[in-house]
Amino acid sequence: MEEVSPDTETPLAPQPPRLLERRVRQQQPAVAVLKSKLKNGLTCSGPKVRSTLMGFFPVVRWLPKYKLKEYIWGDVMSGVIIGIILIPQAIAYCLLAGVPPIYGLYTSFYANIIYFLMGTSRHVSVGIFSLMSLMVGQVVVREVFRAGFDLNEDSTPSPHELFNDTLDLNFTRKPELTVELMGMQLGKDSYAITVAAAITFLAGVYQILMAVFRLGFVSIYLSAPMLDGFATGASVTILTVQAKYLLGLKIPRHQGYGTVVVTWFNIFANIHKTNLCDLITSAICITILVAGKEIQDRYKDRLKIPLPTELVVVAGATLASHFGEFNTRYHSSVSGHIPTGFTPPQVPAFSIMPQVALDAIPLAVISFAFTVSLSEMFAKKHGYSVRPNQEMVAIGLCNVVPSFFHCFTTSAALAKTMVKDSTGCQTQVSSLISALVVLLVLLFFAPYFQALQKCVLACIIIVSLRGALRKFRDVPAKWRASRMDTIVWLVAMSATALISVELGLLVGIVFSMSCIIYKTQNPKVSLLGRVNDIDLYEDVEEYKNLIAPSRVKIFRFQAPLYFANKNSFLKSLYKAVGVEPFLELTKRKKAEKKEKDKSKKQAKTNGETTNFDVFVGLVQKELEFHTIVLDCSAIPFIDSTGMATFKTLVKEYEEIGVSVLLACCNTSVIDVLQKEEFFGKNNKDISSLLFYTVHAAVLHANRAAEEKKAEDSVV
């Protein structure tokens, strides 16, 4: 509405919108900032050393404040339960990793100790994880095959004997192939754990370097749908790799791409060789395990502690195999000798690290991503904070240090973390209790698992995948919620299952990023209308009863404007307003030429002299609008290409008599425009081109059109 003077009752001219005054920020020179950071980083003092050490070992901060009476019962209970769960899983996941069972116990023991000292999460359970074991196993089997070992060989000698340089060979067995490495003759199992330790060491080093150089942001490019699809695809691969053990088939693990397809083909090709003992044992174990899981899920509110179904199955199957002599009578594959105690520490084999350096990168990234995401999720749930960078250091050292003790890659595991949380865990003291439970098995009970069938371990692994495989049922709901996320999930899952785990991860990341780029290149655009008599403008296609401003087009572009989507921005704008300035100008020039030619012909027909120039004014086409207002509220940033696009728009539309105004720009966009002198020298035109609200731009456009119309009428 126009303002009215109280004295004369004549309308006053609308005042131009007052510009907001920006704060002046004095930016320090880069050299001064660098000197200050170096000074702060290199100075050393007692309090700073103490603070650094306490930050590096968070246990020093929270352990002295430990509330014994309040926390101890929950920590002991959760620690014992996780320890009981860890024992069968540690032995079983060694099948995935391609190493003897004892090393799974070593890995679980050392990882829990180190994370107790260095982790910042109170609830995360760090240890062996099926996905990590699968990825390690693929590298191990590949390198074992390259070294010349027979992948079809079912060897069960003692790891202590294999690591010993002076083997006692006074028993009847065909000579084994050995490989000389680090001055020792290593058999198949020894070489396998050497490869696993080398890749684990490299993965840990990568994680520590990422922490040092603050590269934790890498994990943000692993979107939740992509990670979910990757984990589901890996679960399909794990199930496929373990299926042969259910049937007792001794077929080699496939090398290269297409593991799922090739393995299932080999299984059906050798189905006639099924071991009935393993098949019956697998059927019984899966039935018991699934029944236990279903009972646990149905009555979880009533059960105070999880049912130790895996441990019961392992104990029962071991006794049955031992007294039934399944290995000798029915040729059923068993775990073999599992020694007590610890093997001496050994430096990882640096000579084979160049062969596995690239394989360690996805291991490091996935391990870190799962650990940090679980840490933050449970920290948010219980109202405390974690330090992602310290988590990266902690999980890195959980890989580097144990690699000297014949361990393989570890990560946080969701299932065990949820069990830990549900059983009353309060601090990482529970991890220490879990490590003590594993230590008891290492020192006293490990040899009793010698007769345990491999098919039982495969059953434990496959049943543990129930949660991941059930996500196939959620695909329709995912599709209804977000088609783009569902497509990312399907692509990551399919690539991981059908090609390989490593390439599946790469394909998932690239496709996920491509979807983001596609969204920015093809964003939602809209023309805006006014809501009744208030100063609010919204999308005319999304809301009812909106009034389009008279002869003003308001265009909203909901994405950053940069080099990749410049053409998309221009095409969508031209389509929305219905006028492309270059084509409109070309049409007008053609019409002008046509009128000139027509005038000349008419003059000749009338016998008029043609010595004078015939002037025909440019044929003007009355457009439906005189101004375009660009609502920049949904444009977070622009680059130099985007700024040049704005300049071109203003110039081209000005040639056909249409003004282009900007509204609702954020400060970063305004800064780019000012640096490139979009508003003229010293920003002289800023008040006529930039407006802080759409309504202010519309009022200015109408006022300017009326003034121009008045000038034209006077002329």
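It should be emphasised that the depicted structure is a prediction, and the values quoted were computed from it without experimental measurement.
- In this structure, L503 places its CG atom where more than 12 heavy-atom neighbours from other residues, nucleotides or ligands lie under 6.0 Å away.
- With hydrogens and angles disregarded, a donor-acceptor distance shorter than 3.5 Å links the side chain of T520 to the backbone of I517.
- Counting heavy atoms from C-beta outward, F449 and V441 have side chains that approach closer than 4.5 Å.
- In this structure, W62 and F116 have perpendicular ring planes: the angle between them is above 60°, well past the 30° mark.
- By the 6.0 Å contact criterion, OH on Y66 is enclosed, its count of non-hydrogen atoms from other residues, nucleotides or ligands being greater than 12.
- Inter-residue side-chain proximity for L131 and S411 is flagged as unmet; no heavy-atom pair is nearer than 4.5 Å.
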Q: Under the side chain to side chain contact (heavy atoms under 4.5 Å, CB included) rule, what do I460 and L289 come out as? Steps first, then yes or no, please.
A: CA-CA 7 Å; I460 293 173; L289 288 168; 4.1 Å; yes
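- At distances below 3.5 Å, not a single donor-acceptor pair connects side-chain atoms of Y115 with backbone N or O atoms of V124.
- Residues T200 and T409 bring a donor and an acceptor atom of their side chains to less than 3.5 Å of each other.
- Residues Y106 and T343 meet the side-chain proximity criterion, which asks for heavy atoms closer than 4.5 Å.
- Here the side chain of Q426 pairs no donor or acceptor atom with the backbone of D75 at under 3.5 angstrom.
- Counting heavy atoms from C-beta outward, I113 and L432 have side chains that approach closer than 4.5 Å.
- Of the possible donor and acceptor atoms, one in the side chain of N112 sits under 3.5 Å from a partner among the backbone N and O of S108.
- Taking both residues in full, the closest heavy atoms of A497 and T237 are given as CA-OG1, 3.9 Å, listed atom of the first, atom of the second, then distance.
- The number of heavy-atom neighbours closer than 6.0 Å to CZ of R50, taken from other residues, nucleotides and ligands shown, is 12 or below.
- Distance OG/S464 to CD1/I238: 7.5 Å, rounded to 0.5 Å.
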Q.
Determine whether V236 and L469 satisfy the following criterion, side chain to side chain contact (heavy atoms under 4.5 Å, CB included), listing intermediate values before the conclusion.
A. CA-CA 7 Å; V236 174; L469 297 177; 4.2 Å; yes
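- Under the 4.5 Å side-chain criterion, counting only non-hydrogen atoms from C-beta, I487 is in contact with F511.
- The aromatic rings of F109 and F342 sit tilted relative to each other, their planes meeting at an angle between 30° and 60°.
- Contact detail for A198 and A349: the closest heavy-atom pair is CB-O, 4.0 Å.
- In this structure, T486 contributes its side chain and K478 its backbone to a donor-acceptor pair below 3.5 Å.
- A heavy-atom distance below 4.5 Å is found between the side chains of F201 and F350.
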Q.
One pair to check against side chain to side chain contact (heavy atoms under 4.5 Å, CB included): L363 and M132. What are the steps and the verdict?
A. CA-CA 7 Å; L363 272 172; M132 297 293 104; 3.8 Å; yes
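- Atom CE of M377 sits in a crowded spot, with more than 12 heavy atoms from other residues, nucleotides or ligands closer than 6.0 Å.
- Judged by distance alone, with hydrogens and angles left aside, the side-chain atoms of S321 form no donor-acceptor pair with the main-chain N or O of A317 at under 3.5 Å.
- S223 and S512 share a side-chain donor-acceptor pair at under 3.5 Å.
- Distance check, rounded to the nearest 0.5 Å: OG of S335 to CG of L95 gives 7.0 Å.
- R387 contributes a side-chain N or O that, together with a main-chain N or O of G55, makes up a donor-acceptor pair within less than 3.5 Å.
- The heavy-atom pair separating I82 from S125 by the smallest distance is CG2-OG, 4.0 Å.
- The distance from the CD1 atom of I199 to the CE atom of M353 is 10.5 Å, given to the nearest 0.5 Å.
- Within the 3.5 Å criterion, the main-chain N or O of K420 finds a donor-acceptor partner in the side chain of T423.
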Q. Checking side chain to side chain contact (heavy atoms under 4.5 Å, CB included) for the pair K519/M484: CA distance, chi angles, key distance, verdict?
A. CA-CA 10 Å; K519 284 184 178 180; M484 185 69 73; 3.7 Å; yes
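- Minimum interatomic distance between N399 and S367 (heavy atoms only, all atoms of both residues): ND2-OG, 4.2 Å.
- E310 contributes atom CD, which lies 11.5 Å from atom CD1 of I461 (distance to the nearest 0.5 angstrom).
- Here the side chain of S482 pairs no donor or acceptor atom with the backbone of W479 at under 3.5 angstrom.
- Taking CG of L68 as the reference point, atom OH of Y71 lies at 11.5 Å (rounded to 0.5 Å).
- Of the inter-residue distances, the one linking T318 atom OG1 with L452 atom CG reads 4.0 Å to the nearest 0.5 angstrom.
- For T309 against I288, the heavy-atom pair with the smallest separation is CG2-O, 3.7 Å.
- Side-chain atoms of E391 and S375 form a donor-acceptor pair, as typed in the model, at a separation below 3.5 Å.
- Q390 places a side-chain N or O within 3.5 Å of a backbone atom of M118 that can act as its donor or acceptor partner.
- The aromatic rings of F445 and Y448 lie tilted to each other, with the angle between the two planes from 30° to 60°.
- A pairwise comparison of heavy atoms in A492 and F230 identifies CB-N, 3.9 Å as the closest pair.
- No side-chain heavy atom of Q242 sits under 4.5 Å from any side-chain heavy atom of L246.
- Using cut-offs of 30° and 60° for the angle between ring planes, the F129 and F370 rings count as perpendicular.
- P348 places a side-chain heavy atom less than 4.5 Å from the side chain of F404.
- Between the side chains of Q89 and K416, at least one donor N or O lies within less than 3.5 Å of an accepting N or O.
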